[in-house]
Amino acid sequence: MSTEIGSQALGGPTGEPVVSVRGLQMTYGPRDVLTGVDFDVHAGEVVCLLGPNGAGKTTTIEILEGFRLRSGGEVRVLGEDPAQAGDAWRARVGVVLQSWRDHARWTPRRLLEQLGGYFVAYSTPERTRPYEVDWLLDTVGLVEHADRKIGQLSGGQRRRLDVAVGIIGRPELLFLDEPTAGFDPQARRDFHDLVHRLSDLEGTSILLTTHDLAEAERLADRMLILADGHIVANGSAEALTRQVAGNAEVRWTRKGERFVHATEDATPFVRRLFEQHGEEIEDLEVRRASLEDTYIAMVATFESGARRTPTLAEVSR
Amino acid sequence: MNPTRHAIGLGLRRGWTEFVLSLRSPQDQGFYMFMGVATLAYLWFNRDSEVEGTDLLLPSFALPSILGALLAFGVVIGPAYSLAMEREDGTLLRHKALPHGMQGYVTGQVVYHSLSLFPLLLVILVPSFLLFDDVMSNGLAGWATVVWVCVLGLLATLPLGMIIGSVVPSVQKVGTWGMLPVIVLTSISGIFFPIQAMWGWVQVVAQVFPTYWIGLGMRSAFLPDAAAALEVGDSWRSSLTVLVLGAWAVFGLLVTPRVLRRMARRTSGSQVQEAKEAALQWVK
């Protein structure tokens, strides 16, 4: 595939973000799911939206996809309001859907040829659409199953087909809602490679949700944590970890008793520890906070309604 | 390239593919076989009974009526089920995510369900000609009538199926909101016995809906002119048939796009997810 399309070119000449969300609100009856979500996704970025079940991740993505009408706030996706955007906008956006039994009698090849056809009208010399079906089948690892009935594919193969359908129009922006749910480790690894390839070679901007924090850490340039109806954290995995007070955990045993202490600066703490107790200290362990610790600390703090700096100590036991 | 026209072309191809895949599927072959065998068995066991007050044999009278009823029934229930199903299984959502995808999808549905009529009519018509005498009394003119009744009947009933499929809350509800009324309507539409055998108000209800008129049109195509004496007003009432079916077709053309658009707007991934979870519960 051509690689001359740099990630800079896609955001428009002004460098405007591909996704821009300001004060997004969503209310279902009496329940406020989103109370004021703000974030941007820039051209070529891979951004991961994290959050507990029911936090509104799917709702947010569906609003950005133009599949759901918001209750309030400003949303721009590729320069347009998804609630009013037309078919030309639709051709530039890719959506990976979770299917389960559709097109059971079709084969992957036939389905990709049929669905890819809709993008032909939107092909430009700079960005030819759709992808060639054989290339796509190869890319998602479905070559051997290309002519089998879709109804006979395994869950993982079906998800790969979903991904292929989602990207067939060679989107500038791709939405993935829990793309690897139900994948085995190999399929997950392959999928991660595919995301890297799309992002690096094609300059595709990607917004995905996941529950798998290791996956988020591997894929995303930036993470957003959605809790309590708004974005409570925004940054790289490292930056997020730094935001949590006490980002390292020190464990030791003294006189047969276990101790755990969360601290921001482990080295001076351990030095003091030895100065105080010397040889009594055994089984010393220093562990930096993982993204998972950080995530759980942040979500726990914000869900309990408190608005203070999350601390590791609260979750270390 | 005009994207709308292009999408409609893709829809035509989609409908044709669906039709070919359906013909190859053992499940659908079984359905056609069952319909054929059931209808022919009914006609065969009644092959010697005469229609009261005439010298017409029952198969001659009942065959065109049954063809008409199957047309109306199949073309309402078929799209109703597939729309309700494809809303839940994500087919519709996939098309919603494509530029001009809904136009292609709806075109595909119309083509597929129209084509599906052929095997259904053929499995009944072909053996009937071999088994019974005097099936077609009017020669070429009769066949021409069959064609226009089928086309007009399709236009009148197919949109109704799409409307039902768009408004029912779930696939399980197609039985209640689609199947049941259509069965009731079919049974009062003069398929198995002349409509005059029923109470007056039932006759009026039957004559409001397209099923009766499709059956009447079919009878006018197959039966000799003398048989018109069995009908309301001793006539085939062909112009009224065109008028009533035409009115339903116009109704469908005006209402269906709106209903489909509303349905498409409400379709989302979470809806598909909910349906999946509900279906899994169903299996347990």
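Numbers restart at 1 for each chain; the letters A, B, ... are given by sequence-line order, proteins then strands. From a predicted model like this one, the values you see are computed outputs, not experimental measurements.
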Counting only heavy atoms closer than 4.5 Å, note whether [X] contacts chain B via side chain, backbone, both or neither.
X      : result
A:R105 : both
A:E62  : side chain
A:W89  : neither

How many angstroms lie between [atom1] in [X] and [atom2] in [Y], if you round to the nearest 0.5 Å?
X      : Y     : atom1 : atom2 : answer
A:W106 : B:L21 : CH2   : CG    : 6.5 Å
A:D102 : B:R87 : CG    : CZ    : 15.0 Å
A:D87  : B:L98 : CG    : CG    : 10.0 Å

query: Under a 4.5 Å heavy-atom cutoff, which of B:R13, B:H6, B:R265, B:K96 has the most pairs with chain A?
result: B:K96
message: Please rank B:S25, B:A264, B:G90 by heavy-atom pairs under 4.5 Å with chain A and give me the top one.
response: B:S25
query: With only heavy atoms counted, which part of B:T267 is less than 4.5 Å from chain A, the side chain, the backbone, both or neither?
result: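 Backbone only.
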- request: With a 4.5 angstrom heavy-atom cut-off, could you sort out which part of B:Q27 is near chain A: side chain, backbone, both or neither?
  value: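 It is the side chain, since no backbone atom gets that close.
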For the candidates [options], which exhibits the highest count of non-hydrogen atom pairs separated by less than 4.5 Å from chain B?
options                      : answer
A:L97, A:L69, A:T59          : A:L97
A:V95, A:L115, A:T58         : A:L115
A:E65, A:R101, A:R68, A:H103 : A:H103

Is it the case that atom [atom1] in [X] sees more than 12 heavy atoms from other parts of the structure closer than 6.0 Å?
X      : atom1 : value
B:W16  : CH2   : no
B:R5   : CZ    : no
B:F34  : CZ    : no
A:R148 : CZ    : yes
B:F129 : CZ    : yes

message: Between A:D162 and B:R94, does any side-chain N to carboxylate O distance fall below 4.0 Å?
response: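 A salt bridge is present here (some side-chain N lies under 4.0 Å from a carboxylate O).
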- request: Measure across A:Y118 and B:Y105 and return the closest heavy-atom pair with its distance rounded to 0.1 Å.
  value: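 That would be OH-N, 4.0 Å.
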task: For side chain to side chain donor-acceptor pair (under 3.5 Å), just list the numbers for A:Y122 and B:H100, CA-CA rounded to whole Å, side-chain angles, deciding distance to a tenth of an Å, and then say yes or no.
output: CA-CA 11 Å; A:Y122 298 93; B:H100 294 276; 3.1 Å; yes
